[in-house]
Every structure is written in C-alpha cells, then in structure tokens.
Amino acid sequence: MKFITISRRDDIPRNRIVLIRILAILLSIAFAGIVIMALGYNPLAVFRQMIKGALGGKIRLQQTALKAVPLIITTMGIIVAFKMKFWNIGGEGQIMMGAMAASFVALNYSHLPKTLLLILMALASIVAGGLWAFIPAIFKAKLGTNETIFTLMLNYIAIKFVTFLQYGPWKDPTSQGYPKVPDFTAKAILPNVFGVHIGWIIAIILVIVTYIFINHTKKGYEVTVVGESVDTARYAGINIQSVIIVTMLISGGMCGLTGMIQASAIEKTLTASLSANYGFSAITTAWLSRLNAVAAFFVCICFAILLQGGASLQITMNIPAAVADMIQGIILFFVLGSEFFLQYKVGFRKRLAKEEA
Amino acid sequence: MGGFFAAVIIAGTPLLFATIGELLTQKAGNMNLGVEGLMMMGAVCGFIAGFKTGNAGLALLGAIAAGAVGSLIYAFLTITLRANQQVTGLTLTMFGVGFAKFAGTNVMGSVLPASVKAFFTKIEIPLLSKIPYIGEIFFSQDVFVYFGYIIVLLAYLYLNKTKNGLNLRAVGENAPAADASGISVNLYKYIHVIIGGALCGLGGAYLSLVTIPVWQENVVAGRGWIAVALVIFASWKPGKAMVGAFVFGGLSILGFRLQSMGIQVSQYLIDMLPYVATVIIVIISTRKNRKEDMPPGWLTLPYFREDR
C-alpha cells in the first residue's frame with residue numbers, strides 16, 4: 001500500500017464514468033468466459049448459444065419478453081425501497097404472497113366476469129405484497145429493527161407457506177395425488193397483446209410512474225431525503241415513520257403484482273417456485289441502474305436476455321440455467337468493484353513525487 | 001429418543017460450521033450475506049475433490065479452499081474496494097449458487113467413493129460414549145462432528161482469552177479506535193472474513209460428504225440464511241451458536257419425526273419455524289438493553305482511514 005495513494009474524487013467527467021462502467025462489464029464477461037472454460041466448456045460457444053437462445057427468432061424473443069416483465073416490475077418495487085435505503089431483499093416473499101392472494105381470488109370467485117376478476121386479482125396481489133412488506137416496515141419505523149434479515153426471513157416463510165398450501169389445503173383433488181394447486185379457469189388468465197401477455201404494458205406504465213414518483217412528486221422527494229439522511233428529514237419536518245410505511249407498501253405492492261402476473265399469465269396456477277429468483281435478480285438490476293427507473297428498464301431487458309439465454313443452454317447444451325446466475329454474479333462483482341474507481345483517485349507515489357519536482 | 005437427538009446433531013452440524021464462520025466475520029465488522037453461496041461452493045468443491053481423488057482429506061481441503069476463495073472475493077470488494085457489504089454478500093450468494101450448480105453438472109447423482117464415506121463413519125469415543133444418553137447423542141458421531149465441537153471451543157477461547165481475539169473484537173466494535181491503537185484493521189478483517197468463509201465451505205461440505213453423499217443441486221437449501229440468522233440468535237457468542245445450531249437443526253427434522261409417531265403435522269409448516277423464530281429474535285434483539293448482547297458496533301460500516 002505504501003506506493004499507492006488513494007484520495008477522494010470530487011468531480012469526474014461523464015465520459016469517464018461511462019468508460020469505467022463499460023470496461024467493468026467487458027472485464028466481467030471475459031472473466032465469466034475464463035470460469036466457463038475452467039469448468040470444461042467452450043465459452044464462445046456458450047455465449048453464442050445464449051444470444052441465439054434469447055434473440056434468435058420470434059418465439060425466443062417472446063420468451064425473453066416474458067422474463068423481462070416480472071423483472072422490470074419487481075425492480076421498480078426494489079428501487080423505491082432502496083431510494084429510502086431500506087434494504088428490501090424480501091421481493092421473493094412479496095411476489096409469493098401476491099401470487100397467493102391472486103390465486104385465492106382466481107380459485108374462489110371464478111364466476112365473476114373476466115375483467116372484474118382480473119382487476120380483483122391484481123388488487124388482492126398488490127394488497128398482499130404490500131402487507132408482507134408492511135410488517136418489516138412497521139418494525140423498522142417503530143423500533144428500528146434491521147430490515148435486511150427480517151425481509152429475508154419473510155421470503156422463506158412465504159415460500160414454505162405456499163408449499164404447505166400446495167401440498168395441503170389447496171391441493172387439486174382431481175390431480176390424483178400429485179401435489180399441485182388447481183389450474184386457473186380461462187377467465188383468470190391475462191390476455192395477450194401482440195403475442196405477449198398484457199403485463200408488458202403494465203411494466204412500461206410502472207416504469208414511467210416510478211420515474212415520475214421519485215423525481216417529480218413531493219412524496220418521492222421525501223423518500224429520497226429519508227434515504228440520504230434521517231436527521232435532515234426530521235429537521236425538514238418530514239414524518240419519517242409514515243414515509244417508511246407508505247414507501248414499503250408501494251414497494252411490496254409492485255412485487256405482489258408481479259406475483260399475480262406470473263401466476264395468471266405464466267404458471268396459470270399457484271406454485272411454490274413461481275417467484276423464480278426475480279426478487280433477488282431485481283436487487284442486481286436496481287443496483288446496476290443506480291436506482292434510476294428508466295435505466296433499470298434497459299438493464300432489465302439485458303438481464304432478461306441473460307436469463308433466457310441461460311435457460312436455452314439447459315435444452316441445447318445440457319448446461320444448467322444456473323450459469324446465468326453465475327454470470328450475473330460476476331458482472332455485479334466487477335461493477336461493484338468499479339464503483340471504487342468512480343469515487344477515488346488511485347495514484348502512485350513515484351509519479352506524484354515527479355510531478356512535485 | 002436418543003436416536004432422534006443423535007440425528008439432531010447431524011442436522012445441526014452444517015449450521016454450526018456456517019454460524020461460527022459468519023460469527024467470526026461479523027466480529028470483524030463485516031456482515032457477509034454470501035453464506036448460502038459459500039456453503040454451496042464448499043459443498044460442490046468438496047464433493048468433486050472427494051469424488052475424483054477418493055481422498056477425504058482432499059475433499060475437506062477442496063471445501064476449505066472454495067469457501068476461502070469465495071470470501072476472498074467478498075473481502076477484496078468490501079474491504080479494499082469499499083463496496084456495499086449487503087449487496088456484495090447477496091452477489092456472492094448468487095454467484096456461489098450458480099457456480100455450484102454449473103460445476104456440479106457432470107457429477108449430478110454420482111455417489112462418493114467408499115474410501116471417502118468410510119472416513120466419515122461413526123466413531124465411538126472411548127469412555128465418553130458410554131455415558132448414558134449423552135454418550136449416544138454427542139460422542140457416537142463422525143469425525144466431522146467432533147471437529148465442530150473443537151471449532152466452537154477454539155472460537156470461544158480465541159474471542160475471550162487471547163490478545164488477537166480481543167483485537168478482533170476491537171476492530172468490529174470501533175474500527176477507528178482499533179486503528180488508533182495500532183491494530184491493522186484491514187489485515188484483521190481479511191483474515192477473519194477468509195477463515196469465516198472457509199468454515200462456511202466446510203458446513204456446506206458436511207451436507208454433500210456426510211448427510212447425503214450423493215451430489216444433488218439444491219443441497220444447501222436455505223441453510224446459509226439460517227446461519228446468518230443464528231448469529232443474531234446467538235448474540236455473537238460461540239456457545240450460544242452451538243445451542244442454536246442444534247435447536248434449529250432439530251426443528252428441520254421434527255416434522256418427519258412427529259409424522260412417524262402418528263402425529264399429523266405438515267413438515268412445511270414446521271419448516272417455517274426457524275425463520276419465524278429468527279424474525280422474533282431480530283425483533284427482540286432491537287429491544288435488548290444488555291450491552292454484551294448487542295451486535296458489534298461497527299458492523300456493516302466501512303472504515304477508510306483517509307476519510308477521517
């Protein structure tokens with residue numbers, strides 16, 4: 001360390017930021033290639049297959065879009081919470097609870113007209129997801145309880161509870177012992193628009209709404225202030241407890257809605273694996289987009305390509321889809337590391353000495 | 001009944017290693033949420049090393065190396081490059097789980113060679129194993145379990161009776177003060193994060209080498225997160241961590257036991273109990289007033305000398 005000096009950067013040119021980011025992502029892909037090679041596969045073949053699997057042809061593009069929708073909506077939910085520095089890593093659980101509430105409506109009120117049924121399912125999922133986030137929020141607001149572990153544990157409680165329903169009270173009596181929840185009737189399934197279910201329109205609307213909420217509304221500004229400094233917020237007369245609770249209801253509500261969309265349009269029933277790690281992936285995408293809703297939209301599309309590409313490897317090259325998780329992890333490692341070079345200037349003492357002389 | 005409690009020890013041992021690992025990490029002021037990923041990496045590397053070489057020692061070494069390398073990535077990012085600890089830890093989990101599933105593709109469903117399994121057969125400790133009940137439960141186990149007892153004892157002695165242990169606690173409690181008193185903060189953080197990661201790797205390896213010596217993709221199945229929670233449950237004390245690991249291990253097999261006794265309880269509801277218990281503990285711990293039960297004061301806070 002003796003020959004290296006580190007000092008805080010105050011200003012950094014914009015093109016430098018972009019350069020460092022791009023460099024980090026290129027390095028991460030190169031590194032991922034090395035790991036893939038070390039495990040005995042040809043990285044170029046793997047990458048080529050991933051791109052082909054995600055973008056080659058109409059059906060694959062549709063599959064990619066189907067993965068982008070839940071990721072975008074969940075990411076919006078996570079962004080709102082992270083803006084407040086509330087580390088909501090409970091997206092998985094909020095998705096599950098939303099899916100469960102929507103399924104309850106779908107299974108018990110299937111006599112209602114289609115539009116009304118779908119709206120009720122959506123509302124139920126938003127309320128359930130919001131309430132699941134409300135629990136840690138109220139403890140954080142009133143007692144200062146650490147939300148990281150709390151939200152994390154609620155994920156597992158939600159998943160185990162849905163598993164219990166799937167194997168117990170909600171088991172389809174006509175499925176001959178196979179533990180599954182009955183399929184939804186056609187009325188409870190979201191309609192398609194241009195070949196992809198209507199969720200993509202909802203996702204685009206939510207990106208715009210989230211962007212406006214955070215950047216152009218008073219409540220959104222309060223969220224940012226609470227996140228930056230609780231003391232400043234208090235001094236400015238912001239009701240911190242109410243901001244925490246409302247923000248988490250919004251955050252959880254969006255995650256819950258993701259659950260409804262997945263249950264209705266993808267699974268067409270309730271399953272314990274329906275959240276499919278979107279709650280965790282959304283943390284990555286939210287972080288990579290620096291909590292900017294519009295940037296997140298594009299990051300999520302890139303990640304959907306990665307996820308769909310990974311899934312296609314399973315079929316064509318017999319490599320588990322988890323390779324996409326590994327690559328996600330590597331990309332984020334490099335981006336996290338690159339933040340340092342945005343905030344600090346690293347110099348060598350030798351050179352500095354020369355400059356002084 | 002003794003048989004059930006002996007099974008509890010086996011169910012709790014992976015948790016024990018990971019919890020002590022995370023405890024040491026947190027004592028250095030770093031919350032590593034990558035335990036789940038580290039356990040997966042340890043499980044797969046331990047298994048592959050054992051499968052390819054047929055040597056139990058190399059299997060354990062593989063698990064230790066995997067945990068150490070995984071946590072080195074975390075240490076470099078959070079300590080040297082000052083990245084956010086929570087996000088880095090989560091990323092490590094994502095990476096570790098993905099890596100393990102990928103690396104395990106070719107050994108999926110393979111069984112460990114007999115030479116490795118033989119190393120982990122039950123060994124009755126003379127005299128101790130003859131104590132009624134206690135002997136059957138605690139001292140008729142495999143070497144891995146005994147190693148777990150030793151780790152707990154060593155961690156306790158290290159944290160409470162040695163100068164280095166005291167320095168470590170100072171680093172986690174108040175990094176600037178530790179730095180001012182001449183302790184090398186970053187060195188302490190690196191060493192303990194890496195040792196902690198190696199222990200998490202061993203915890204994962206217990207699952208793939210001993211519990212079920214066949215490679216299966218979801219071998220860790222959320223135990224890493226329970227270990228993170230157990231550290232809070234144990235209020236950062238090795239002795240309590242051991243009790244917690246065995247209690248939570250017991251809960252994980254209680255449902256099947258009750259069902260075999262004719263009591264109809266869903267294992268899925270019982271599976272929720274460790275997580276519910278953890279939530280309750282997290283809530284209670286925020287209300288705790290006893291100073292010795294509090295988390296290390298500098299936990300999750302980065303420390304940079306230049307920023308003072």
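Every chain is numbered from 1 and lettered A, B, ... according to where its sequence line falls, protein lines coming before strand lines. Because only heavy atoms are used, hydrogens play no part in the values below, and waters and symmetry mates are left out as well, while side chains stay in.
If you measure heavy-atom distances from A/Ile157 to chain B, the contacts under 4.5 Å come from both the backbone and the side chain. For chain B, the nearby part of A/Phe139 is the side chain; its heavy atoms alone come within less than 4.5 Å. Both the backbone and the side chain of A/Phe161 come within less than 4.5 Å of a heavy atom in chain B. Contact annotation for A/Asn318: only backbone heavy atoms (N, CA, C, O) come within less than 4.5 Å of a heavy atom of chain B. At a 4.5 Å heavy-atom cutoff, the contact between A/Ile89 and chain B is made by side-chain atoms alone.
The greatest number of non-hydrogen atom pairs below 4.5 Å with chain B, out of A/Gly168, A/Gly40, A/Ala322, is found for A/Ala322. The most heavy-atom pairs under 4.5 Å with chain B, out of A/Val323, A/Ile319, A/Leu152, come from A/Leu152. Considering only heavy-atom pairs separated by less than 4.5 Å from chain B, the leading option among A/Thr163, A/Ile283, A/Asn146, A/Leu313 is A/Thr163.
How far CE of B/Met94 is from CG of A/Asp325: 7.0 Å, rounded to the nearest 0.5 Å. Atom CZ of B/Phe95 sits about 10.5 Å away from atom CD1 of A/Ile327, to the nearest 0.5 Å. Put simply, CZ on A/Phe150 and CD1 on B/Ile281 are 12.0 Å apart, with the number rounded to the nearest 0.5 Å. Between the CG atom in B/Leu269 and the OH atom in A/Tyr167 there is a gap of 13.5 Å [rounded to 0.5 Å].
Using a 4.5 Å heavy-atom cutoff, the side chains of B/Thr88 and A/Leu332 are not in contact. Within the 4.5 Å cutoff, the side chain of A/Leu336 has heavy atoms near those of the B/Val87 side chain.
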| message | Using side chain to side chain contact (heavy atoms under 4.5 Å, CB included), reason through B/Arg82 and A/Tyr344 one step at a time and then give a plain yes or no. | response | CA-CA 10 Å; B/Arg82 308 166 186 190; A/Tyr344 297 90; 3.1 Å; yes
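Contact between B/Thr105 and A/Pro320 at its shortest, heavy atoms only, is OG1-CD, 3.1 Å.
Between B/Tyr275 and A/Tyr156, the distance from one ring center to the other falls under 6.0 angstrom.
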